[in-house]
Each structure stands twice: as structure tokens, then as C-alpha cells.
Asker: 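First the structure, which I've put down as C-alpha cells, then a few questions once you've had a look.
In what follows, every chain begins at residue 1, and chains take the letters A, B, ... in the order their sequences are listed.
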Amino acid sequence: MKILVTVSESVDVDDDFEVSEMAIDERYLTYDLNEWDDYAIEEAVQIGEEIDDVEVVTVTIGPERTEEVIRQALAKGADRAVRVWDDALEEASVLDPATKARLVAAVAREEEPDLVLTGVQSGDYSFGATGVALAAEMDYEWAAVVNNLDLDAEAGVASVHRELEGGVEELSDVELPAVLTIQTGINDPRYASLRGIRQAQSKPLDVKTLGDVGVDADDLRLSLSLSSLYEPETEGEATLLEGGPDETAGELAELLRERGVDA
Amino acid sequence: MDYGLTDEQQQIRDEIRRFAENEVAPVASEYDRAEKYPHDVMDEAAKMGLLGANIPVEYGGAGYSTLETALITEELFAVDPGIGLCITSAAFGAEALIGFGTEEQKEEYLEPVARGDAIMGTAISEPDVGSDVSSVATRAEKDGDEWVINGSKMWITNGSVGDYFVVLVQTDPEAAGRYNGFSQIIVEADRDGFTAEKITGKMGIRASDTAELLFDDVRVPEENLVGNRGGGFLQLMQFFDETRTAVAAQGVGIAKGATERALEYAQEREQFGQSISEFQAIQHKLADMHTRTEAARQLTYKSAWSVDEAEDQLTMLASMAKEFASRVAVDVADEAVQIHGGAGFVDDFDVERFYRDAKITQIYEGTTEVQKNIIGRELLGKGTFS
Ligand SMILES: Cc1cc2nc3c(=O)[nH]c(=O)nc-3n(C[C@H](O)[C@H](O)[C@H](O)COP(=O)(O)OP(=O)(O)OC[C@H]3O[C@@H](n4cnc5c(N)ncnc54)[C@H](O)[C@@H]3O)c2cc1C
């Protein structure tokens, strides 16, 4: 069976930063593997360790810099990777989920996976929509915010737990091929082992342009663009009470009284 | 000339850093205070394949060279030297087996270490033998097809937690020449007559285990001899250049960790209505610390690179790197405490631990004085042995 895992980088901004024009200066940014994708990769690799003949392929829409997180995925056990990028995408200020889904779908049509695992969301933009948009694009079954996955590969059924608001869990069976968006906590992602890092350097990483995946650059229909970027004014201050409830309860009461909250 | 790390080397460094920040940093103080060996962290390190970094791939390791191993050491020591040493020393002595061991020895002793099922060590020093390695007195006598070992070894890293040790013994005391007559023999900790007594009260690297080993008629099969009978001293010397480079990397890591913490603290701490990092005196300290750390790093990387690429210049470079990086570690940790003021004098802050941990790098694997002797001898063309 073949599992396709979407892998992206996520940007972390330092506590102190400067906005210049329409971007945050690179000095304040750190790129890392998107946390949710880390769990998706782990889930796929674990399936590969449990059953025979599983190929785990990662797909990334991103510039050359993202090869760093792709190599992380390969070092953790993915078998090969596909990265799609194009000058036409370079010009976009934000890639909307529908466009990303369209591009991943173009790769998925070539790969014909039995299962697609995506993260629930990316840690920076937090759209939380790429996975389900991909399912719609592919006309696959889908389940979002999966925090437990039990796969019956023979029967082609994924039994999943979905984490809903208010601590409710929904149990459902999803027929393959399907897209599952993976929630953090579903597993305990591994560190890339030293041997894994070594092997990752020689695993295939195919780089494709829009044309290569059959998408016309003039027909991208990007639906989002960044119109302004600013740092909101600080309007108040937070007071952090540290310690156990026995100490902090009194402090909190005192604080509320000071601020004029009377019971 | 190429001054950059490869993508692979950067990936190693980043992943080790992630591991150290998540698995080591939160428990570093606890193991330091309790002077306790971190078995739980070792299990995590084993899962990541960290314990066999330099063990060849065919014996379950990652087969990395001295340079990659130095990068790993640097990152671990930048977070915590005590636990860093536990991780990087689990395969102490492996280099002798890789270089001179038989196929059977490699399979039997290297594979369990790479898997994380065994810990090993190197036993050279004795109560009366430190810098002058050629005066080793622990004796191994041949009795039929066994070696019978008597004597004691002092300050042995992993001594009370290790499963086996590569022990430098005297096998042929009548051999002519100061450096002949020694051999390396593997001794398993479960042999009759073997005891290890943990040494407590260490100033630094307190998570790391150190012990005195006592050999009382310990019998091991003759197959436990590593390499040539009588060639032990020369075999050992071959790897000093590598192991010294590793200690240099420890020093670089300590200096890096101490500098990072000092920089962070200096920006947070305010006095006289401003961040202390605004004072030029503090900036100059930070500038010095950073510069000297980088200088030590370059010397260390060059030494590590020379192990594989330019052996003719290695001995002097390894001693220069070891001596300089350990000195930088001690000085930088000192300044890091100074920048912390009173806060740096208590163990709430990592720099207090770094200050205590740094000193050992000037002592083990040949003291500062011994390294300078070697550099001097090499300069004067007098040969290697100290
Ligand atoms: C925590 C720890 C872990 C260790 N781990 C190991 C281990 O795993 N295996 C192992 O075999 N050993 C180990 N050692 C021992 C270590 O290698 C020795 O302590 C070191 O080699 C110094 O020997 P010594 O302590 O006997 O000092 P000495 O040799 O007695 O030195 C005392 C002083 O005299 C100076 N001196 C000696 N000779 C000369 C000279 N020719 N010229 C100028 N000055 C000189 C030294 O530099 C030093 O300043 C460890 C030690 C410690 C503290």
C-alpha cells in the first residue's frame, strides 16, 4: 500500500521582531517541520513498520529551503519525497488552502495513494483546510482531526477517533482511499536516528514544476493575497501568577479586589 | 578550502539539539544534584542511535567520522556536559576494537553498545598512574588459554555501570623498551574477582559515572586480547589523537552553552534602569567569549577533519585543539557566571553547572601540561610520546 503524507515547514517568529513593509524580517524567523506533520509522518512510518509493502511518500509545496524539513521526514523513515515549486508560486504572498490542495492533488493523481495523511493545520497560518480541500479535490473519503487510527489494510478501512469540541470523541470507519488530517498527540514522534539521517541523504527527492504536475501557471486562481501586516498595539498587561493553587488563589483574589471586582 | 557544514552535518546538529533540549535539559540539574546515572535518557538516546555514532554501520552504528562525532559532542555538551558525557562515552574503547579487534570481538562487543544494550569503558589510569601511561602496573599473566589479571584502575568513566572495559595491562614486563610489554584486554564486569567502586563527590560532570576497578585474579579467555600482545601502548596512542579531538569538542560545547546562557541573561537582567547588555563591559565579555569559542571550534574541526584527511598534521593539532578548547571552556564558563552575578552562584542557573563541569576537560585525556609537552615536542621534532 502507498501512503502519501503532506509535509510543510512552519515559521516561528521570535518574541521580539520588526515588520518591514509586508514581511517580518528573516532575522526573526525560524523554519521548522510543521508540528502536525511530524505526527502524520510518524503515523505513516508506524504503519509501514507494522505491515509489509508500505511505501511512504511525502509531498511538499514549497521552495528549496523546505528540503530541510523534507530530509527530516526522510530521516524519520519516509521512503521518498516529491516537492513542487515554481516561479509562479514564488510571487504569491500567501498560498491559499484550495491552491495547495489542487497542487497536492495533482501529485496524488500520479501517485494514486491508498491513504493520504496531512496535519490538521500548519502552525503558522492555521487554516486547517488543506486536508479536507484535498479530499474534495480527489473525491476521497475523509476524516478530520484524527487522534487515533486503526487501519485494516486488507479490508481497506480506517477506524478513527476524531477529536471534537468539548472533549467529545467521535468514532467512525472511513473507507480507503481516504484523506485523514492528523491531530497532535496521536503518537509520540521519533527523533530522526543517526542512521536515518545518513540514509535520508540518498533517498529520492523529486522536484517538480507546475508544468510537471500538469497545472497551468496562468490558471492558478490564487484567492488570497496579503494586504497589510502590522504589529497590534499592546492594550493591556497580563499578570502571571506562579506556584500552586494554595498560594496563587489568594493572590488572584487580592488582584481582583484591587481591580474592583467584588463578590 | 571549504568552511561550511554539509546539509547532512547540519541535519545531525539540529536533530541532536532538539533531542538535547527536549530530553536532557529538563532533567540535567536533577541528575547533577543526585550524582545519578541517567538510565532513562540513555534509553532515549539509544532509540535515536546516538550511542553508536562512530561504530561502523555493519555493527549497528551510524558509522560517522570524527568530525560528525565532534558535532554531536558539541551539541550535547552545550546543553549538559554531565549527561552529554554519559551519551558520548557509552562506546569508550570502541575505537580500539574497531581498529584492532577481530571480527568476533566486533560483533560481540560493538553491536550491543550500538543497540543501547551495553555500556563500555576504557581503563588506563591507576592510583599511581596518570600522565605517565607507560608506568601501568596492572598485570595480566597467561595461564593456559586464559589471562589472569591483578591490579586496579582509577577514575574509570562508566566504571560501575559498564558491561565491559578495554583494560591496558602489562603482559610482558621484561620486554625491552619503555613502551613495549603492554596489551589491551577486554574484561567483562561480570567476571569473578572484578569489582567496581563508584567514586562520589565529583566537582562536575556528576551524572557521569566514575569508578575504581579492582581486579583480583580475574580470569578472561585468551580471545579477549585486543590486537597484538605487547602492542597495547602503541595501539592506544593511535587513538589519542581522536579521543583528544573529542574532548576538544566537549570544550567547544561547554563554551557555546555558557555563552548562549550569558547572552540570554544579559539581555533580560536590568540594572541602573537598563539591560546589563547595554554596558560595554558586558558586551566586551560576550564578544570575547563568542570569539574564543569560535576559534576553539575551528581548531577542533580542523583536528577532526585531519583524522580522515591529513594525518601527518594530526598529533599536534589534536593537542592544540584539546588544550585550547578546554581552556576556553573554563574561561568562558567563568565569565558566564560573572555575567549572571549572584544568580550564577546557585544551581538555579545552568552556568553554575557549566562552571563546575568545564574543569575536567583540562584534566582527562591528557592534562593541559601534557598537551603542551606534546606540542613542544612536535615543534622541536622530537616525536610524539609524552
Ligand atoms: C572524571 C574523570 C574521568 C576519567 N575517566 C577516565 C577513564 O575513563 N579512563 C582512564 O583511564 N582514565 C580516566 N581518568 C583519569 C585521567 O585521565 C587522569 O586523571 C589524567 O590523565 C591525569 O592523571 P592524574 O590524575 O594521575 O594526574 P598526574 O599525572 O598525577 O598529574 C598531576 C599534575 O602534574 C602534572 N604533570 C604530570 N606529568 C607532567 C609532565 N611530564 N610535565 C608537566 N606536568 C606534568 C599534570 O599536568 C597535573 O597538573 C578520568 C579522570 C577523571 C577525573
Asker: With no hydrogens and no angle check, is any side-chain donor or acceptor of B:Gln11 less than 3.5 Å from a backbone partner on A:Arg71?
Answerer: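 Yes, the answer is positive, given that a donor and an acceptor are paired below the 3.5 Å cut-off.
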Asker: Check whether more than 12 heavy atoms from other residues, nucleotides or ligands sit under 6.0 Å from atom CZ of B:Phe279, and answer yes or no.
Answerer: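 Buried by this count: over 12 neighbours within 6.0 Å.
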Asker: Can you tell me which portion of A:Glu67 sits under 4.5 Å from chain B's heavy atoms? Options are side chain, backbone, both or neither.
Answerer: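 Contact with chain B is absent: no heavy atom of A:Glu67 under 4.5 Å.
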Asker: Taking atom NE2 of A:His161 as the centre, does the number of heavy atoms from other residues, nucleotides or ligands within less than 6.0 Å exceed 12?
Answerer: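 Yes - once you tally the heavy atoms of other residues, nucleotides and ligands closer than 6.0 Å, there are more than 12.
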Asker: Show the numbers, then the answer: is there a side chain to side chain contact (heavy atoms under 4.5 Å, CB included) between B:Ile12 and A:Arg198?
Answerer: CA-CA 9 Å; B:Ile12 294 172; A:Arg198 192 149 203 187; over 6 Å; no
Asker: Check the surroundings of atom CD in B:Glu103: do more than 12 heavy atoms from other residues, nucleotides or ligands lie under 6.0 Å from it?
Answerer: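 Yes, the 6.0 Å shell around CD holds more than 12 heavy atoms from other groups.
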Asker: Going by distance alone, is a donor N or O of one side chain under 3.5 Å from an acceptor N or O of the other, for B:Glu44 and A:Tyr191?
Answerer: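 No, no side-chain donor-acceptor pair sits under 3.5 Å.
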Asker: State, yes or no, whether a side-chain contact exists between A:Asp32 and B:Arg18 at a heavy-atom distance under 4.5 Å.
Answerer: yes
Asker: Would you find more than 12 non-hydrogen atoms of other residues, nucleotides or ligands less than 6.0 Å from A:Arg65 atom CZ?
Answerer: yes
Asker: What residues of residues 61-91 of chain B sit under 4.5 Å from chain A when only non-hydrogen atoms are counted?
Answerer: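 At a heavy-atom separation under 4.5 Å, chain A is reached by B:Gly61, B:Ala62, B:Gly63, B:Tyr64, B:Ile72.
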Asker: Other residues, nucleotides and ligands only: do more than 12 of their heavy atoms fall within 6.0 Å of CG on B:Asp7?
Answerer: no
Asker: As an exercise, state the distance from CG of A:Leu194 to CD1 of B:Ile55, rounded to the nearest 0.5 Å.
Answerer: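 The CD1 atom of B:Ile55 is 11.5 Å from CG of A:Leu194, to the nearest 0.5 Å.
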Asker: Do B:Gln10 and A:Glu68 have a side chain donor and acceptor closer than 3.5 Å?
Answerer: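 Not at all, the side chains of B:Gln10 and A:Glu68 share no donor-acceptor pair under 3.5 Å.
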Asker: Considering non-hydrogen atoms only, spot the tightest contact between A:Arg195 and B:Val57 and give its length.
Answerer: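 Closest heavy-atom pair between A:Arg195 and B:Val57: NH1-O, 3.2 Å.
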Asker: Is A:Glu242 atom CD crowded by more than 12 heavy atoms from other residues, nucleotides or ligands, each under 6.0 Å away?
Answerer: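 No, the 6.0 Å shell around CD holds no more than 12 heavy atoms from other groups.
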Asker: Hey, is CD on B:Gln280 packed in by over 12 heavy atoms from elsewhere, all under 6.0 Å?
Answerer: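 Counting neighbours around CD of B:Gln280, 12 or fewer heavy atoms of other residues, nucleotides or ligands fall under 6.0 Å, so no.
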Asker: Please check if atom CD in A:Glu21 has more than 12 non-hydrogen atoms from other residues, nucleotides or ligands closer than 6.0 Å.
Answerer: no
